[in-house]
2 protein chains.
Amino acid sequence: MPETPTATVRGPIRRPAPLRQAVYEALTEMIINGSLKPGQHLVEAELAESLGVSRQPIREALQRLQTAGWVDLRPAQGAFVHSPTTEECAQLLSVRALLETHSAHGAAQHATPHDVARLWELQQTGLTALAAGDARAIVEANAALHTHITHLSRNAVLAELIPQVDRRVRWYYMPIAKPRGKDAWSEHARIIEAIADRDADRAEELMRRHTQNTTDFYCKQIAAVAVHSA
Amino acid sequence: MPETPTATVRGPIRRPAPLRQAVYEALTEMIINGSLKPGQHLVEAELAESLGVSRQPIREALQRLQTAGWVDLRPAQGAFVHSPTTEECAQLLSVRALLETHSAHGAAQHATPHDVARLWELQQTGLTALAAGDARAIVEANAALHTHITHLSRNAVLAELIPQVDRRVRWYYMPIAKPRGKDAWSEHARIIEAIADRDADRAEELMRRHTQNTTDFYCKQIAAVAVHSA
DNA sequence: ATGGAGAATACTGTATGCAATCATCCCTCG
DNA sequence: CGAGGGATGATTGCATACAGTATTCTCCAT
């Protein structure tokens with residue numbers, strides 16, 4: 001059977017690796033792309049069978065998914081896909097703005113020419129995806145760029161915390177990736193320039209405005225959708 | 001055998017409750033109070049026996065301990081108590097400063113008179129502990145106060161993220177709690193006043209300076225210890 | 001004596017089985 | 001006809017057993 005109708009079915013995970021990690025990635029993927037819908041009850045046995053593993057790796061993956069905010073784990077009831085609210089999303093974006101701004105400051109202080117070159121590569125990847133109009137690729141490139149800036153800040157705590165926030169932002173960001181893309185990537189370019197100049201304060205300020213623009217754009221988009229659906 | 005000499009031995013966990021939670025709390029306690037030393041290899045079977053449970057709850061607790069930053073979990077090798085570095089501590093404090101500052105701003109916007117009254121209660125608890133010279137109680141009161149400010153900000157994402165950073169700061173904070181206490185708690189009082197006045201900008205600025213003072217104090221203390229031990 | 005190969009050991013990773021708990025549905029009683 | 005209580009099925013929580021892998025110790029060769 002090449003594909004069954006139910007969207008949650010998946011082929012077995014590649015064996016030679018920590019299964020819990022593979023399961024974790026598979027489940028996040030399924031949540032992001034909508035195979036697992038918000039509020040849905042995740043039954044361990046079902047997931048285990050569809051992924052071709054036992055319940056144990058599933059349980060461990062679910063625990064990590066909870067701390068990452070993907071699922072809510074209610075004792076003696078099991079896991080439920082997290083239902084995001086617009087309020088929570090605004091909070092996520094505001095915290096992200098804070099952390100990324102701090103991160104940009106540090107990146108500008110520590111970046112080497114080699115690091116900057118890598119940033120320009122990622123920027124190019126993003127522009128290509130933007131030209132192709134591939135929302136999925138745009139979001140991915142965006143995440144890759146921001147992640148790399150985070151690492152350049154040489155702050156392990158930040159690098160640990162930001163992904164927790166950022167991946168969830170990615171989820172919400174998908175629908176607005178294309179319309180927001182053009183401005184976003186030109187802002188990226190200016191941020192990279194500031195980092196290349198080792199101008200920490202300018203990089204910080206540009207990142208602050210960049211994340212603020214994204215937040216504003218998202219809120220407007222939400223409002224528009226709300227009106228449209230009314 | 002009522003007690004074995006090894007410091008890691010503990011009585012069984014109270015049964016009627018999620019065991020993984022109880023194990024998690026027991027292990028954090030042991031790490032904080034030094035029963036489990038930094039770098040130490042945590043063997044699942046040993047912990048399981050000493051806590052009177054099977055390996056399963058231990059494993060789940062260790063996973064959570066990893067995401068909280070208490071242990072490092074190396075694949076196929078097991079769990080090791082995290083060894084903090086002064087560099088990492090500085091990063092933790094800087095991130096904490098960022099988050100707490102943002103939190104203070106939100107708290108001043110949303111606080112009700114009842115909330116403010118509660119803050120003054122916590123402040124009083126801290127002053128009492130300070131007068132008694134009980135470092136443990138000081139740290140606890142400090143954490144309680146900051147936690148409550150976080151909740152007042154009405155930002156669920158912040159409230160979720162800050163404890164992850166804050167608990168680890170608490171760990172490092174213990175040795176400097178007493179000498180830092182006097183200034184810290186008078187700064188707290190001014191922050192509470194700003195929150196009571198609903199002056200978000202002032203609260204934010206006061207919190208920024210407060211966390212900055214704490215960071216500076218910590219760094220000086222570390223330097224002093226380094227000189228002393230040299 | 002020292003370096004390396006191989007085997008023994010110990011530990012983690014995974015699977016399976018059992019008991020406790022929660023949700024649901026049906027039956028009975030008011 | 002509606003509400004409450006109990007039985008049944010499903011699902012989680014925990015424990016045990018097995019397999020794979022990294023580490024360490026020993027023994028042999030150089």
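Proteins come first, then strands; the chains are lettered A, B, ... in the order of their sequence lines, and each starts at number 1. All values below were derived from every heavy atom in this structure, side-chain atoms included, with hydrogens, water molecules and symmetry-related copies excluded.
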Per the end-axis method with five pairs at each terminus, what is the bend angle of the helix from C/dA1-D/dT30 to C/dG30-D/dC1, to 10°?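 Roughly 10° between the end axes, to the nearest 10°.
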Restricting to side chain to side chain donor-acceptor pair (under 3.5 Å), what partner residues turn up for [X], sequence neighbours left out?
X: A/Arg64; answer: A/Gln21
X: B/Arg55; answer: B/Glu44
X: B/Thr85; answer: none
X: B/Thr214; answer: B/Arg180

Could you work out, with salt bridge (charged side-chain N to carboxylate O under 4.0 Å, His left out) as the rule, every residue matching A/Glu121, not counting sequence neighbours?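 With neighbours one apart ignored, the set is A/Arg118.
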Return the value, rounded to whole Å, for the distance between atom [atom1] of [X] and atom [atom2] of [N].
X: A/Arg74; N: C/dA23; atom1: CZ; atom2: C1'; result: 12 Å
X: A/Glu60; N: D/dG13; atom1: CD; atom2: P; result: 13 Å
X: A/Arg20; N: C/dT12; atom1: CZ; atom2: P; result: 11 Å
X: A/Gln56; N: D/dA17; atom1: CD; atom2: P; result: 15 Å
X: A/Ile58; N: C/dT14; atom1: CD1; atom2: C1'; result: 12 Å
X: A/Phe80; N: C/dC22; atom1: CZ; atom2: C1'; result: 11 Å
X: B/Leu19; N: C/dA20; atom1: CG; atom2: P; result: 13 Å
X: A/Arg55; N: D/dG13; atom1: CZ; atom2: P; result: 8 Å

Worked verdict on A/His210 versus A/His146 for ring-ring contact (aromatic ring centres under 6.0 Å, His included): CA-CA 12 Å; A/His210 172 61; A/His146 279 274; 5.5 Å; yes
Could you check A/Gly78 against B/Ser54 and say which one's nearest nucleotide on DNA chain D is further toward the 5' end?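 Closer to the 5' end of DNA chain D: A/Gly78.
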Closest nucleotide among C/dA15, D/dA15, C/dT12 to the B/Pro57 side chain: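 The answer is D/dA15, which lies nearest to the side chain.
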Restricting to side chain to side chain contact (heavy atoms under 4.5 Å, CB included), what partner residues turn up for B/Lys220, sequence neighbours left out?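 Once residues adjacent in sequence are excluded, B/Lys220 has no partner under the side chain to side chain contact (heavy atoms under 4.5 Å, CB included) criterion.
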Going by side chain to side chain contact (heavy atoms under 4.5 Å, CB included), name the residues that satisfy it together with A/Thr215, two or more places apart in sequence or in a different chain.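 Per chain and number, A/Thr215 pairs via side chain to side chain contact (heavy atoms under 4.5 Å, CB included) with A/Leu93, A/Gln212, A/Cys219.
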Treating A/Gln123 as the side-chain partner and A/Trp185 as the backbone partner, does any N or O pair qualify as donor plus acceptor under 3.5 Å?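 Side chain of A/Gln123 to backbone of A/Trp185: a pair is present.
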Would you please confirm or rule out a distance under 4.0 Å between OP1 or OP2 of D/dG13 and any side-chain N or O of A/Arg59?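 The answer is yes; a side-chain N or O of A/Arg59 sits under 4.0 Å from OP1 or OP2.
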Any side-chain N or O of A/His41 less than 4.0 Å from the OP1 or OP2 oxygen of C/dC22?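 So the side chain of A/His41 is outside the cut-off, no N or O lying under 4.0 Å from OP1 or OP2 of C/dC22.
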Just grab all the ring-ring contact (aromatic ring centres under 6.0 Å, His included) pairs involving residues 59-114 of chain A, residues at least two apart or on different chains.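 For residues 59-114 of chain A, and leaving out neighbouring residues, the ring-ring contact (aromatic ring centres under 6.0 Å, His included) pairs sorted by first residue read A/His41-A/Phe80, A/Trp70-A/Trp171.
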Checking all strands, does B/Leu42 fall into the base, sugar-phosphate, or nothing category for heavy-atom contacts under 4.0 angstrom?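 B/Leu42: backbone/sugar contact only, no base atoms under 4.0 Å.
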Got A/Gln91 and B/Leu158 here, is their nearest side-chain heavy-atom distance under 4.5 Å?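 Result no, sub-4.5 Å side-chain heavy-atom pair not found.
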Provide a list of protein-nucleic acid N or O atom pairs under 3.5 angstrom, restricted to nucleotides 6-10 of chain C.
none

Which residue pairs satisfy the salt bridge (charged side-chain N to carboxylate O under 4.0 Å, His left out) criterion with at least one member in residues 147-162 of chain A, sequence neighbours excluded?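 The answer is A/Asp115-A/Arg154, A/Glu160-B/Arg168.
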Restricting both atoms to N or O, compile the protein contacts to nucleotides 21-24 of chain D shorter than 3.5 Å, with distance only.
unit_1: D/dT23; atom_1: OP1; unit_2: B/Gln77; atom_2: NE2; d: 2.7

